[in-house]
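My structure is below; once you've seen it, I'll send some questions.
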Amino acid sequence: MAAVAAAAGTFARRMARSGVLFPRSSPQVWPQAARQPPGLLPAQRRAFSNNKILVELDTSSGVATMKFKSPPVNSLSLDFLTEFCISLEKLENDRACRGLIITSAIPRVFSSGLDITEMCGKSTEHYAEFWRAVQEMWIRLYGSNLVTVAAINGSSPAGGCLIALSCDYRIMVENPKYVIGLNEAQLGIVAPFWFKDTFVNAVGHRAAERSLQLGLLHSVPEAHRMGLVDEVVPEEKLQEKAVAVMAQWLALPDHARQLTKSMMRKTFRTLSSSHPKTPSRSHFQRTWRC
Ligand SMILES: CCCCCCCC/C=C\C/C=C/C(=O)SCCNC(=O)CCNC(=O)[C@H](O)C(C)(C)COP(=O)(O)OP(=O)(O)OC[C@H]1O[C@@H](n2cnc3c(N)ncnc32)[C@H](O)[C@@H]1OP(=O)(O)O
């Protein structure tokens, strides 16, 4: 328990060093239209970057694009998760931003999921901090007031699938090599209940039961049929489609859409108000044999 508390403190300090407020306990309501401070020349584009993620915000449309750029496979390391939360928080605090498109700058992979090297040979405190960061990523993305669109341009197993599932809409590139799903059971581990619930919300109970028990990674057409992704497009149309979907969602009044989203996703607050037990060191060691 002390380790969990210490980890929470460490993660909060990492976020605080970035200048980001932490944590935010209740959803914020943003203005309906992107606004520029009066008297300033409008800067159409703003960008910020770290060594894991690139973010570009088009202030005229209010749409930001977040590109994962962590070779080789955009695995979700503690550093990646921290940078993700910082970037998302910056966008949420930017009054010019209303929507977020998440995609990958790495060819053929959206995200390979949790970084397996973070779950081997580390201290109890590290596991606790890592787990806290995984939860924080999900809480922030799933509960975000922004319109979130996943533009999935590569394979997206396990934690990568969770990122996509946490968005409001998923568009995936049609490619016979790409797969998506929660394959934890194939790895001999159990997807946490909040992974499972997010999956069930997208595909329904029966499809989820089969897919999760078998740890299936679905082809793109199969993922589309079962509702795991909303739309499938050729690679060259992905950006255009994501922008078009975003425009459709942003055409609605922010407050009505945000309150509706918050109502639909209210169960996430259960996790945000009481972080579940962190997996123990021995559990990680048993699971990954390290
Ligand atoms: C209370 C109980 C708790 C129990 C404890 C369990 C903890 C959590 C439980 C559940 C949640 C878990 C969620 C997860 O996300 S677990 C991670 C699952 N991820 C995967 O299974 C993906 C594995 N990777 C792939 O399938 C492929 O790599 C690919 C399709 C993403 C890309 O394929 P390809 O382009 O062919 O690349 P390579 O396979 O050659 O990989 C390149 C390179 O990258 C390394 N790598 C791949 N995935 C990961 C990863 N997830 N973490 C770290 N490193 C990864 C791979 O090893 C190669 O490295 P190299 O050999 O050094 O080049």
Side-chain angles (χ1 to χ4, degrees), residues 1 3-4 7 51-52 68-84 102-139 141-142 150 152-166 172-173 175-200 208 211-220 222-223 228 235 271 274-290:
M1 204 55 207
V4 177
N51 62 350
K52 307 283 178 196
F68 297 159
K69 56 171 187 91
S70 182
V73 288
N74 288 330
S75 62
L76 307 177
S77 62
L78 181 56
D79 281 349
F80 187 104
L81 294 165
T82 307
E83 297 298 351
F84 180 90
I102 299 179
T103 194
S104 168
I106 303 286
R108 299 182 300 282
V109 182
F110 179 72
S111 165
S112 68
L114 302 192
D115 191 317
I116 289 165
T117 64
E118 296 278 10
M119 300 186 257
C120 274
K122 301 278 203 304
S123 65
T124 305
E125 290 72 27
H126 183 90
Y127 294 144
E129 190 184 1
F130 178 64
W131 199 241
R132 163 94 189 184
V134 175
Q135 293 172 358
E136 196 64 39
M137 177 223 32
W138 177 75
I139 288 165
L141 182 58
Y142 193 71
I152 312 163
N153 50 350
S155 287
S156 199
C161 179
L162 182 73
I163 291 186
L165 280 170
S166 304
M172 192 160 182
V173 166
N175 184 313
K177 294 198 172 141
Y178 296 171
V179 288
I180 184 167
L182 294 183
N183 59 323
E184 280 81 353
Q186 288 267 5
L187 306 173
I189 57 179
V190 180
F193 74 89
W194 38 285
F195 279 53
K196 179 266 292 176
D197 287 348
T198 315
F199 195 86
V200 169
S211 182
L212 294 184
Q213 284 196 55
L214 295 173
L216 297 179
L217 285 172
H218 301 279
S219 68
V220 180
E222 197 178 22
L228 182 50
E235 180 101 48
L271 177 59
S274 62
H275 283 276
K277 197 165 156 276
T278 306
S280 68
R281 183 187 175 90
S282 64
H283 197 120
F284 279 117
Q285 286 169 335
R286 263 202 318 278
T287 302
W288 304 107
R289 296 187 186 83
C290 57

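Counting starts at 1 for both ligands and their atoms, in listed order.
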Checking heavy atoms under 4.0 Å, the part of Leu114 that sits near ligand 1 is both
Quiz item: Are any of the N/O atoms in Gly159 less than 3.5 Å from those in ligand 1?
Solution: yes
_ligand 1 versus Trp131: contacting region, heavy-atom distance under 4.0 Å_ =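 Side chain only.
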Discussion item. Main chain of Asn51, side chain of Glu83: is a donor-acceptor contact present, judged purely on distance under 3.5 Å?
Written reply: no
Q) What distance separates Met119 CE from Trp131 CH2, expressed to the nearest 0.5 Å? A)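 Here the interatomic distance stands at 7.5 Å.
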Counting distance only, does the side-chain N/O of Ser155 pair as donor-acceptor with the main-chain N or O of Val109 below 3.5 Å? no
Item to complete: Taking Gln186 for its side chain and Leu214 for its backbone only, find out whether a donor-acceptor pair lies under 3.5 Å.
Response: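 Here the side-chain-to-backbone pair exists.
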Atoms of ligand 1 under 4.0 Å from any heavy atom of Glu184, numbered from 1 in the order shown, are 10 (C), 11 (C), 12 (C), 13 (C)
Ligand 1 to Ile189, heavy atom cutoff 4.0 Å, flagged ligand atoms 9 (C), 10 (C), 12 (C)
Give the numbers and elements of all ligand 1 atoms closer than 4.0 Å to a heavy atom of Gly113.
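Numbered from 1, ligand 1 contributes 15 (O).
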Notebook entry, point to check: Given that the side chain starts at C-beta and the backbone is N, CA, C, O, which of these parts of Val190 lies under 4.0 Å from ligand 1, counting heavy atoms, or is it both or neither?
Noted result: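 Under 4.0 Å from ligand 1, Val190 contributes backbone atoms alone.
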Min over Ser111, Ser112, Ser155 of heavy-atom distance to atom 19 (N) of ligand 1 lands on Ser112
With under 30° as parallel and over 60° as perpendicular, where do the rings of His218 and Phe199 fit, or are they tilted in between?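 Aromatic pair His218/Phe199 classed parallel.
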Near Pro72 (heavy-atom distance under 4.0 Å), the atoms of ligand 1 are 43 (C), 44 (O)
Ligand 1 atoms nearer than 4.0 angstrom to some heavy atom of Leu187 are 18 (C), 21 (O)
Under 4.0 Å between heavy atoms, the region of Pro157 that gets near ligand 1 turns out to be side chain
Review point. For Asp115 and Thr117, does a side-chain donor sit closer than 3.5 Å to a side-chain acceptor?
Key: yes
Hey, are the side chains of Ile106 and Pro71 touching, using non-hydrogen atoms and a 4.5 Å cut-off? yes
Review point. Looking only at side chains, do Ser111 and Asn74 share a donor and an acceptor under 3.5 Å apart?
Key: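 There is no such pair (donor and acceptor under 3.5 Å, judged by atom type) between the side chains of Ser111 and Asn74.
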With heavy atoms and a 4.0 Å threshold, my read on which part of Asp115 contacts ligand 1 is both
Review point. Heavy atom under 4.0 Å from ligand 1: found in Leu76's side chain, backbone, both, or neither?
Key: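 Contact part for Leu76 vs ligand 1: neither.
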The side chain to side chain contact (heavy atoms under 4.5 Å, CB included) partner of Phe110 among Val173, Ile180, Ile163 is Ile163
N/O of Ile116 under 3.5 Å from N/O of ligand 1, yes or no? yes
